[in-house]
Chemist: 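Okay, handing you the structure first.
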Amino acid sequence: MSIFKRLRDLTMSNLYALIEKAEDPVKLTDQYLRDMQDDLEEAEKAVAAQIALEKKFKQLYEEQEALVAKREEQAHIAAQAQNIDLARRALEEKKTAASKAAEYKASYEQNKLAADNLREKLEEMRKQISELKNKRETLAARVNAAKAQKKINQTMSGFSNDSAMAGLKRMEEKALQLEAEAEASGEVYKKEKSLDDEIASLSKDKQVEDELAALMKKYQG
């Protein structure tokens, strides 16, 4: 019978050691919980059947005990009536009933002992399942926290103050380069005047000089 196979083959301390070493402890715990739940259902059926046997033999034992008392009383009644044959039959059936009562009582006590033993193991299994469920919740919280920490560490491993400052410096250098290029392009634009613009500029300069000469001549005397 494999009702309590896992309970016999693997103690909770050994199970916890396996869980701690497992790659996915929560998954292992869930699988073991499912297995234990299946065993628990099987054990509950076996215990119920054993209890039924216990009750059956108890009922048979009590019935024969009642029959013994009844035949005892009937034997006295028949003896008082001086009916020897009837008294004899009552005593014979009393003896048979007493023999059956003793047999049923032994079976009842044996089955009661087995039922009590199964009850204890069933209760132990229920406690272990409850304990394992509690540990499962603790494990799940620890695993989730570890996974989150691992993800953060992986994300932060490629990021440091040095790399951040280097990135900002590169951005600053790029901005200075773009500003210099913009200023240089403006200077080039200023220098690269057209021929028409230069001639027009010369004409403007000559007009100013002519006006200045006339003004100076006026006030020479």
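Remember, predicted model here, so these are calculated numbers, not experimental data.
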Chemist: List the residues meeting side chain to side chain donor-acceptor pair (under 3.5 Å) with D85, not counting sequence neighbours, and say none if there are none.
Modeler: R88
Chemist: By side-chain contact (heavy atoms from CB on, under 4.5 Å), which residues pair with A75, not counting sequence neighbours?
Modeler: A90, L91
Chemist: Quick one: salt bridge (Lys or Arg N to Asp or Glu O under 4.0 Å) partners of E93, sequence neighbours excluded?
Modeler: R71
Chemist: Of all residues at least two apart in sequence or in a different chain, which pass the side-chain contact (heavy atoms from CB on, under 4.5 Å) check with Q31?
Modeler: R34, D35
Chemist: As an exercise, state the distance from CG of L40 to CD of E42, rounded to the nearest 0.5 Å.
Modeler: 10.5 Å
Chemist: Same hydrophobic cluster for V68 and Y104, using side-chain heavy-atom links shorter than 4.5 Å among ILVMFWY?
Modeler: no
Chemist: Is there a continuous path of hydrophobic side-chain contacts, each under 4.5 Å between heavy atoms, that joins L122 to I129?
Modeler: yes
Chemist: CD1 of I84 to CZ of R89: how many Å apart, nearest 0.5 Å?
Modeler: 14.5 Å
Chemist: Among all residues two or more places apart in sequence or in another chain, which pass the salt bridge (Lys or Arg N to Asp or Glu O under 4.0 Å) test with K105?
Modeler: none
Chemist: Please name all residues satisfying side-chain contact (heavy atoms from CB on, under 4.5 Å) with L113, sequence neighbours left out, ordered by chain then number.
Modeler: none
Chemist: What pairs with E65 under side-chain contact (heavy atoms from CB on, under 4.5 Å), at least two apart in sequence or on another chain?
Modeler: Y61, A101
Chemist: Applying side chain to side chain donor-acceptor pair (under 3.5 Å), name anything that partners Q59, two or more places apart in sequence or on another chain.
Modeler: E63
Chemist: Can you tell me how far the CE atom of M36 sits from the CZ atom of R126, to the nearest 0.5 Å?
Modeler: 12.0 Å
Chemist: Let me confirm one number: the CD-NZ distance from E73 to K70, rounded to the nearest 0.5 Å.
Modeler: 9.5 Å
Chemist: Applying side-chain contact (heavy atoms from CB on, under 4.5 Å) between E173 and each of Q177, K169, M171, report the one that passes.
Modeler: K169
Chemist: With a sphere of 6.0 Å drawn around CD of E109, does it hold more than 12 non-hydrogen atoms of other residues, nucleotides or ligands?
Modeler: yes
Chemist: Verify the distance criterion only: is there a donor paired with an acceptor across the side chains of H76 and Q80 at less than 3.5 Å?
Modeler: no
Chemist: Please report the shortest heavy-atom distance between A87 and A79, naming the atom on each side.
Modeler: CB-N, 4.0 Å
Chemist: Once rounded to the nearest 0.5 Å, what's the spacing between atom NZ of K58 and atom CD1 of I51?
Modeler: 12.5 Å
Chemist: Using the salt bridge (Lys or Arg N to Asp or Glu O under 4.0 Å) criterion, which residues pair with E103? Sequence neighbours excluded.
Modeler: none
Chemist: If the condition is salt bridge (Lys or Arg N to Asp or Glu O under 4.0 Å), which residues does R119 pass it with, not counting sequence neighbours?
Modeler: E54, D116
Chemist: For E120, give me all partners under side chain to side chain donor-acceptor pair (under 3.5 Å), at least two apart in sequence or on another chain.
Modeler: none
Chemist: Atom CG of D38 and atom CG of L33: how far apart are they, to the nearest 0.5 Å?
Modeler: 11.0 Å
